[in-house]
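Structure, as structure tokens:
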Amino acid sequence: MKLVTAIIKPFKVDDVKEALKSIGVQGMTLSEVQGFGRQGGHVEVYRGAEYNVDFVPKARLEVVVDDGQLDRVLDVMTVAARTDKIGDGKIWVTEVDRLIRIRTGEMGADAV
Amino acid sequence: MKLVTAIIKPFKVDDVKEALKSIGVQGMTLSEVQGFGRQGGHVEVYRGAEYNVDFVPKARLEVVVDDGQLDRVLDVMTVAARTDKIGDGKIWVTEVDRLIRIRTGEMGADAV
Amino acid sequence: MKLVTAIIKPFKVDDVKEALKSIGVQGMTLSEVQGFGRQGGHVEVYRGAEYNVDFVPKARLEVVVDDGQLDRVLDVMTVAARTDKIGDGKIWVTEVDRLIRIRTGEMGADAV
Amino acid sequence: MDSGNAAWMLMSAALVLFMIPGLALFYGGMGRGKSVLNMVLMNIYCVGIVPLVWVLGGYSLAQSPSGNKFLGNLDLFALDGIGPSQDLIVVAFLMTFAAITPALISGAVADRMKFGAWAIFVPIWSLLVYSPVVYWIYAFDAEGNAAGLLNTGLLGDIGSLDFAGGTAIHINAGVAALVLALLLGKRRGWPNNAIPPHSLPLVMLGTGILWFGWFGFNAGSALGADGFAAQAFMNTFLAASAGMVAWLIAERIKDGHFTVLGACSGIVAGLVAITPAAGFVAGMSGIWIGAIAGVICYFAVSLKYKLGYDDSLDVVGVHMVGGIVGGVLLGLFADPGAFADPEVFEEAASFPEGLFYGGGTELLFEQIASIVVVMVYSFIVTMAIGLALKAAIGLRVDEEDEIVGLDNRLHAETAYNHVELAGKSGSGFGGSVDVRERSDSPTSTKADAR
Amino acid sequence: MDSGNAAWMLMSAALVLFMIPGLALFYGGMGRGKSVLNMVLMNIYCVGIVPLVWVLGGYSLAQSPSGNKFLGNLDLFALDGIGPSQDLIVVAFLMTFAAITPALISGAVADRMKFGAWAIFVPIWSLLVYSPVVYWIYAFDAEGNAAGLLNTGLLGDIGSLDFAGGTAIHINAGVAALVLALLLGKRRGWPNNAIPPHSLPLVMLGTGILWFGWFGFNAGSALGADGFAAQAFMNTFLAASAGMVAWLIAERIKDGHFTVLGACSGIVAGLVAITPAAGFVAGMSGIWIGAIAGVICYFAVSLKYKLGYDDSLDVVGVHMVGGIVGGVLLGLFADPGAFADPEVFEEAASFPEGLFYGGGTELLFEQIASIVVVMVYSFIVTMAIGLALKAAIGLRVDEEDEIVGLDNRLHAETAYNHVELAGKSGSGFGGSVDVRERSDSPTSTKADAR
Amino acid sequence: MDSGNAAWMLMSAALVLFMIPGLALFYGGMGRGKSVLNMVLMNIYCVGIVPLVWVLGGYSLAQSPSGNKFLGNLDLFALDGIGPSQDLIVVAFLMTFAAITPALISGAVADRMKFGAWAIFVPIWSLLVYSPVVYWIYAFDAEGNAAGLLNTGLLGDIGSLDFAGGTAIHINAGVAALVLALLLGKRRGWPNNAIPPHSLPLVMLGTGILWFGWFGFNAGSALGADGFAAQAFMNTFLAASAGMVAWLIAERIKDGHFTVLGACSGIVAGLVAITPAAGFVAGMSGIWIGAIAGVICYFAVSLKYKLGYDDSLDVVGVHMVGGIVGGVLLGLFADPGAFADPEVFEEAASFPEGLFYGGGTELLFEQIASIVVVMVYSFIVTMAIGLALKAAIGLRVDEEDEIVGLDNRLHAETAYNHVELAGKSGSGFGGSVDVRERSDSPTSTKADAR
Ligand SMILES: Nc1ncnc2c1ncn2[C@@H]1O[C@H](COP(=O)(O)OP(=O)(O)O)[C@@H](O)[C@H]1O
Ligand SMILES: Nc1ncnc2c1ncn2[C@@H]1O[C@H](COP(=O)(O)OP(=O)(O)O)[C@@H](O)[C@H]1O
Ligand SMILES: Nc1ncnc2c1ncn2[C@@H]1O[C@H](COP(=O)(O)OP(=O)(O)O)[C@@H](O)[C@H]1O
């Protein structure tokens with residue numbers, strides 16, 4: 001199994017969620033984060049003064065998927081999260097050794 | 001070493017923390033997340049209208065443990081976090097290549 | 001590629017960010033977390049009563065880096081985040097299988 | 001005016017002014033966290049621009065004795081002839097009413113109206129809709145006799161009653177809110193997706209300020225600190241209490257729980273409904289009016305789901321419907337006889353009785369007729385202003401602005417920046433959604449005509 | 001009543017009403033984020049139900065001249081015979097006191113009381129405890145002579161004094177709070193786990209509103225805008241200031257830091273203590289009373305840890321203890337001679353002097369006796385009501401409700417929904433804890449009797 | 001004083017007191033989330049300590065007829081000779097002014113001043129700076145003739161004018177704010193890093209309370225509920241409205257967007273500027289004064305970036321500059337003739353006219369001279385107090401305190417604790433930054449002299 005972590009624009013969360021649901025993903029976990037990237041270095045004007053803004057709000061989605069599902073999930077996420085503007089974010093994949101569903105104690109692929 | 005990530009019900013955090021402490025786990029990191037899972041698709045009534053609620057608040061615990069401790073940690077967590085109701089959450093395990101304690105610069109198992 | 005996850009003191013975020021920028025790291029993701037560790041067990045006095053405080057606010061930085069960059073990144077982070085007081089935090093490293101830049105679809109090292 | 005009456009009127013004017021930040025919190029708390037500042041600014045902007053318009057022309061159009069039934073003249077332009085004197089207190093008191101009325105409308109346009117369009121809409125609406133309607137209901141000729149279209153009697157020789165602005169203010173603003181909601185269309189995702197209040201403590205605080213201020217609104221409309229004001233005060237108090245309890249009971253039965261939003265809505269519904277009646281009913285009538293309004297408005301706020309207009313914060317359901325309930329019930333409960341004691345209010349004797357107090361149906365019909373006239377006028381003229389603005393500069397923000405949030409995109413601000421993870425440098429703006437995006441869509445261009 | 005006195009009384013009534021949302025914020029901010037709405041609703045519910053109960057029967061029981069020392073009759077049922085007139089202002093003024101008194105109790109039951117039980121408790125307590133106690137202290141016979149148990153003298157021929165409700169309101173509510181805290185038991189985890197105020201800015205705002213409103217409470221109790229009111233105003237001001245400074249100094253010495261919660265608590269302690277004395281003391285006495293109350297209440301709020309009752313938001317420590325401090329100190333500081341100037345308050349001459357002003361210990365003993373009588377009565381009757389409710393429907397929520405939070409479980413609401421990560425759809429309710437859980441425990445069942 | 005005037009003065013005193021929590025929210029919301037409580041406490045502390053100082057000595061120094069031009073004597077120590085009477089209302093009214101003036105200063109020292117130093121600074125400044133300046137401007141001799149340095153005429157025989165404290169309060173506090181900002185130095189990271197308001201809804205609420213209270217401040221300064229008060233009320237209203245609109249327009253043109261912070265700042269700028277003029281100008285002058293102040297202050301708040309002093313929340317830019325604008329414009333717009341009607345204010349006839357109303361430049365020069373005198377005095381004496389405190393105990397907190405946040409480090413509190421992830425146990429303090437750190441740096445040591 002794999003853990004897919006995606007850092008995306010907050011207002012894209014819903015599109016990505018719907019896209020994942022449509023290909024049968026049944027669970028995911030969402031958190032608020034702040035991102036720093038190429039987008040960085042922007043200057044804001046407020047009350048007559050200029051400021052550098054480094055971190056911008058992003059959403060972080062974590063989805064554990066079966067190895068077989070992985071490519072579809074990545075494709076679908078990439079498309080749904082894209083706005084073609086800088087700051088669209090990243091997706092990274094790490095290996096999951098074990099997975100447990102707490103309620104039932106099921107393990108591995110059954111627990112997804 | 002392994003990184004154990006658990007998505008649990010917020011009000012179970014304390015039980016899980018106490019359970020982990022009792023088996024000698026000395027550190028963990030907690031964050032607020034929102035979860036989407038089988039629990040999803042619930043309908044809320046508010047001010048005379050009905051709504052679908054997709055994401056529910058969850059807590060996310062991260063614990064880095066020695067390989068030898070892993071099974072105990074998983075057992076204890078699963079038990080402590082369980083309410084036997086839908087939405088109890090997931091636990092997943094990933095491999096940690098390196099671990100550093102910032103204060104002392106200790107590495108690997110010593111740093112846990 | 002590797003995912004470096006660091007749990008640090010909140011007021012050290014800026015030092016760490018600047019240090020990473022100075023060695024050419026172009027992106028990172030920040031979140032608020034609460035940490036429990038050796039620091040734990042402290043007693044607070046408020047309005048005449050004493051309390052145990054278990055979790056303290058921490059910041060969590062995630063940085064995906066090329067394998068070649070890893071050691072420098074870890075060195076620089078450790079130094080920048082250190083205050084030599086208890087609670088300075090941990091850094092752990094996990095293997096990243098795949099990385100995608102959403103905007104362009106670039107993969108792997110190009111996407112960092 | 002003796003010093004005691006003057007003291008009460010000074011205080012009443014201050015109280016009504018205080019209702020405007022109260023309303024901003026009431027609406028702002030009920031709306032989204034990403035457009036709360038836009039809502040707040042729509043409200044407080046009204047108390048910036050309207051007073052200027054009011055002293056220049058609005059007051060004169062609304063209150064000068066012009067000799068016709070429809071509109072005042074401009075004889076009092078820039079308060080001509082009104083030097084420092086206690087008369088100014090009444091001008092200031094009425095000015096607060098003029099300011100709050102368009103602010104009431106703002107709740108219906110939450111999350112999607114261009115601020116520039118709102119900025120132009122408010123003064124025009126104040127002059128073209130608010131001032132004439134006030135004239136119809138409250139104009140007097142030079143001898144002090146009723147002179148307006150609606151206070152001289154539409155259907156016969158008795159005029160309709162509106163003590164503190166149920167028809168002139170609440171119904172009027174409620175209809176305008178409906179018009180703008182229709183013109184703007186629904187928010188993205190509404191009604192499928194829940195848009196819960198982002199801060200109910202602010203809603204409660206706003207409600208508390210509104211109630212507090214409403215004593216000035218209603219009891220101040222007695223224009224003195226007499227028995228008339230005392231009864232208006234008591235009615236205002238009881239109607240709000242009864243409105244709250246009635247709404248709570250209704251929602252407990254229908255939805256299964258008591259809510260803070262329900263309690264607050266019930267209070268406001270009761271206050272709206274008692275507004276036209278506050279100085280014309282006595283005894284326990286205030287309880288009846290408040291309770292009936294509480295129940296009817298509870299049901300009315302669900303209408304928008306059935307009819308499909310997105311009255312975001314229930315201006316129509318509470319202010320328009322509550323105003324109608326109060327105006328119509330006044331046709332039943334009006335009891336000028338109770339006030340006849342000359343120490344209380346001599347002229348009360350000349351007011352008409354309601355159906356329950358021996359007056360027959362005449363007042364009831366006058367009330368209904370007046371309400372219909374104001375609704376039709378407000379609907380048509382607000383629609384005309386709205387369509388003109390839509391054609392000229394557009395009413396609705398871009399879809400992206402709506403998604404990202406109006407505060408960030410229109411006002412370059414975010415309401416809350418609690419978290420400062422990065423101790424030293426600029427993550428302060430971190431609470432905002434996609435601040436950085438503006439590099440793609442420069443503010444200077446986008447901000448035009450907002 | 002002349003227009004000036006009427007103006008001040010109208011304003012005072014409005015000010016006291018405004019204290020109730022202030023109290024809701026004071027308590028709500030001091031409590032948990034997951035039950036702040038429950039706290040708010042317990043408070044504002046009081047100003048919904050109590051006014052209805054008050055005009056129907058409570059006022060009559062508390063104020064009608066019945067010819068006995070213990071309770072009024074029902075001659076003034078539904079304000080019978082009180083038409084539109086300035087008399088209504090006093091009825092409304094007293095109505096705000098009736099409403100705020102049970103609201104004070106709510107702070108002790110935070111986070112664990114069934115809302116349904118509270119909803120029933122409030123009107124019953126108001127009729128069975130509040131109205132009688134008010135009668136004992138403030139009743140007058142048809143000739144205007146003191147007629148109640150406590151204002152006619154328990155131990156001799158001089159009655160005890162209570163200017164604006166130190167005994168009738170603060171001690172009375174404080175004792176009832178203690179009783180409910182005892183009946184409900186401790187919150188889960190208390191006292192081992194810290195339950196810090198979830199929003200201190202709200203606490204400060206609530207305190208500010210309370211202080212502002214307290215001028216109406218105390219100076220309004222002079223029932224006019226005279227020198228009597230002026231002195232009550234000044235005393236109220238100075239006692240609050242001194243209470244704040246005294247508490248700050250005490251906590252700086254004992255705990256090592258000045259806190260906002262300390263400053264706010266000191267203000268309220270000073271205000272409570274000056275309430276019975278506001279119109280009976282002069283000169284610098286207000287400073288002494290406030291400062292002494294600030295220090296004593298600082299120590300009193302720690303009592304609960306020693307004695308083991310969970311008075312969640314320190315109603316006992318501040319209102320009961322502060323009320324006792326004020327009532328007893330009045331036995332020392334009462335100085336009616338200072339008021340004897342006929343322009344200020346003619347009848348003042350007939351009031352008893354305190355120990356420091358030549359009156360001996362008689363007033364002191366009367367004060368103590370009155371306080372004891374009210375405490376015993378309030379304790380017993382509140383206990384009886386509480387036990388009856390406990391037997392009938394239960395007082396305390398389920399453990400799971402307490403853990404998840406009362407707002408979500410009882411009221412289907414969450415106070416704050418700042419974050420809208422999912423731009424388009426339903427994560428708006430995301431701020432709540434385990435909303436979804438309700439599928440397991442249907443609201444319709446659980447909500448019963450809450 | 002008749003009951004009507006007394007009613008208005010009681011109310012006005014309460015309104016000005018209410019401004020202090022309003023100011024605490026205005027500043028607190030504008031500042032950082034990690035030092036909002038420190039800001040709040042600096043504000044409310046003023047209304048704790050200053051009233052005590054005021055009744056003991058400050059009032060006597062400021063208002064007793066001493067026979068010289070510079071300072072009162074101590075004849076009225078502890079309000080000697082002022083028994084219960086309506087005179088106390090004026091003492092209390094002036095006491096609220098004394099309390100709010102040092103509170104105004106606090107905005108300039110945000111995020112970095114030792115609380116202990118502030119606690120000592122406030123009473124000393126009140127006695128050494130505030131009381132003398134008030135004497136110069138408002139002192140009268142035993143016959144009721146102007147007796148102070150500035151109201152007897154510096155340059156000729158006409159005195160300068162200051163209706164409600166433009167020079168005595170706003171300029172005075174603004175200069176002191178500048179001095180402390182200079183002594184304290186810049187906050188870490190300023191001006192490179194943005195420090196956005198942590199809660200704009202609180203800023204708006206604070207502004208609303210300030211405006212509401214300012215009616216008491218200005219119209220209450222008429223010391224009665226007459227035509228004079230009515231005009232002051234109207235001017236206050238219009239200047240705030242015009243200030244808001246002017247600022248909004250200026251920022252829309254220069255920065256590209258309308259902001260809530262801009263609207264609020266404009267309101268306050270208008271209110272500050274009208275303060276000295278409120279009872280001396282008539283007609284549309286209030287609009288001009290407010291609008292001019294709105295634009296000038298908009299530009300003035302950017303000065304700090306050019307000149308390099310860290311006036312954190314723009315006390316200098318709004319209060320000092322706004323006060324100067326108002327004081328100078330009064331030299332142009334003063335129109336006592338308009339008030340001459342004996343029913344309004346008989347003595348008005350004896351006041352000087354401004355340049356636009358036939359008075360020549362004399363008043364203008366007197367105004368400027370008075371402003372300069374107050375600025376120089378306030379600068380020098382505040383600097384002396386500040387330097388003395390700096391030498392004695394230090395003014396500025398440690399760097400670590402500043403980084404971690406003053407609330408946690410100085411006051412052992414955190415403003416917001418919304419999140420309670422751990423249901424049962426102690427994560428309640430979780431909102432705080434590095435609470436645990438205190439094990440390394442024990443509170444008991446660090447808290448000294450804070
Ligand atoms: N090396 C990295 N490690 C972790 N997160 C990253 C990294 N690079 C970028 N991110 C995250 O991705 C977001 C978008 O990256 P950015 O460089 O701004 O845009 P893009 O990927 O479109 O060029 C950042 O805000 C940050 O949260
Ligand atoms: N595939 C997944 N990837 C990441 N998180 C998941 C996944 N499935 C479930 N979760 C997390 O686990 C929580 C509980 O899952 P859910 O399906 O509701 O309950 P259960 O596991 O008891 O059937 C979800 O709210 C979500 O946060
Ligand atoms: N085993 C662990 N797994 C995950 N996070 C940990 C672990 N141990 C410590 N942490 C995180 O690191 C932080 C610092 O650890 P702590 O033991 O307090 O200090 P130090 O590492 O300096 O001895 C903790 O607050 C927690 O967030």
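Everything numeric here is computed off the predicted structure, so don't read it as measured data. Here is how names work: the chains are called A, B, and so on, in the same order as the sequence lines, proteins then strands, and each is numbered from 1. Below, each value reflects all heavy atoms present in this structure, side chains not excepted, and no hydrogens, waters or symmetry copies.
How far CD1 of I287(E) is from CG of L56(F): 5.5 Å, rounded to the nearest 0.5 Å. Atom-to-atom distance recorded for W8(E):CH2 and M11(F):CE is 6.0 Å, nearest 0.5 angstrom. The CE atom of M1(E) sits 10.5 Å away from the OG atom of S3(F) when rounded to the nearest 0.5 Å. Residue Q231(E) holds its CD atom at 11.5 Å from CG of D87(F), rounded to the nearest 0.5 Å. Note: F228(E) CZ to S85(F) OG = 13.5 Å, rounded to the nearest 0.5 Å.
Within the 4.5 Å cutoff, side-chain heavy atoms of I209(F) are placed close to those of L205(E). Annotation: side chain of V40(F) is not in contact with side chain of L200(E) (no heavy-atom distance under 4.5 Å). In this structure, the side chains of F237(E) and V47(F) come closer than 4.5 Å at one or more pairs of heavy atoms. Side-chain contact between M204(E) and L41(F): absent, with no pair of heavy atoms (C-beta onward) separated by less than 4.5 Å. Taking the side chain as every heavy atom from C-beta outward, F18(F) and F18(E) approach each other to under 4.5 Å.
Screening V260(E), V203(E), L261(E) for a side-chain contact (heavy atoms from CB on, under 4.5 Å) with L37(F), the sole residue that qualifies is V260(E).
Across all non-hydrogen atoms, the minimal contact from A412(F) to H257(E) is CB-CE1, 3.3 Å. The two residues A415(F) and P201(E) make their nearest non-hydrogen contact at O-CD, 3.5 Å. Across I44(F) and C264(E), no two heavy atoms sit closer than the pair CD1-SG, 4.4 Å. Here the shortest heavy-atom pairing between A338(E) and P84(F) reads O-CD, 3.3 Å. Nearest heavy atoms, A14(F) versus F212(E): O-CD1, 3.3 Å. Of all non-hydrogen atoms in P197(E) and N417(F), the two that sit nearest each other are O-ND2, 3.0 Å.
Looking at L17(F), only its side chain comes within 4.5 Å of chain E, counting heavy atoms on both sides. Heavy atoms of V91(F) lying under 4.5 Å from chain E belong to its backbone as well as its side chain. In this structure, chain E has heavy atoms under 4.5 Å from both the backbone and the side chain of L15(F).
W288(E) CH2: 12 or fewer foreign heavy atoms inside a 6.0 Å radius.
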**Message:** One pair to check against side chain to side chain contact (heavy atoms under 4.5 Å, CB included): M234(E) and L79(F). What are the steps and the verdict?
**Reply:** CA-CA 11 Å; M234(E) 181 55 103; L79(F) 303 188; 4.0 Å; yes
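For the set P21(F), S199(F), A119(F), the entry with the most heavy-atom pairs within less than 4.5 Å of chain E is P21(F). Note on G208(E), S12(E), G283(E): by heavy-atom pairs under 4.5 Å with chain F, the leading option is G208(E). Ranked by heavy-atom pairs shorter than 4.5 Å toward chain E, the options A92(F), G83(F), G4(F) are led by A92(F). With chain E as the partner, the residue from G48(F), G22(F), A7(F) showing the most heavy-atom pairs under 4.5 Å is G48(F). Of the listed residues (T236(E), I267(E), L202(E), L238(E)), the one with the most heavy-atom contacts under 4.5 Å to chain F is L238(E).
Side chain of Q86(F) to main chain of A225(E): a donor-acceptor pair is present (N/O by atom type, distance under 3.5 Å, no hydrogens or angles).
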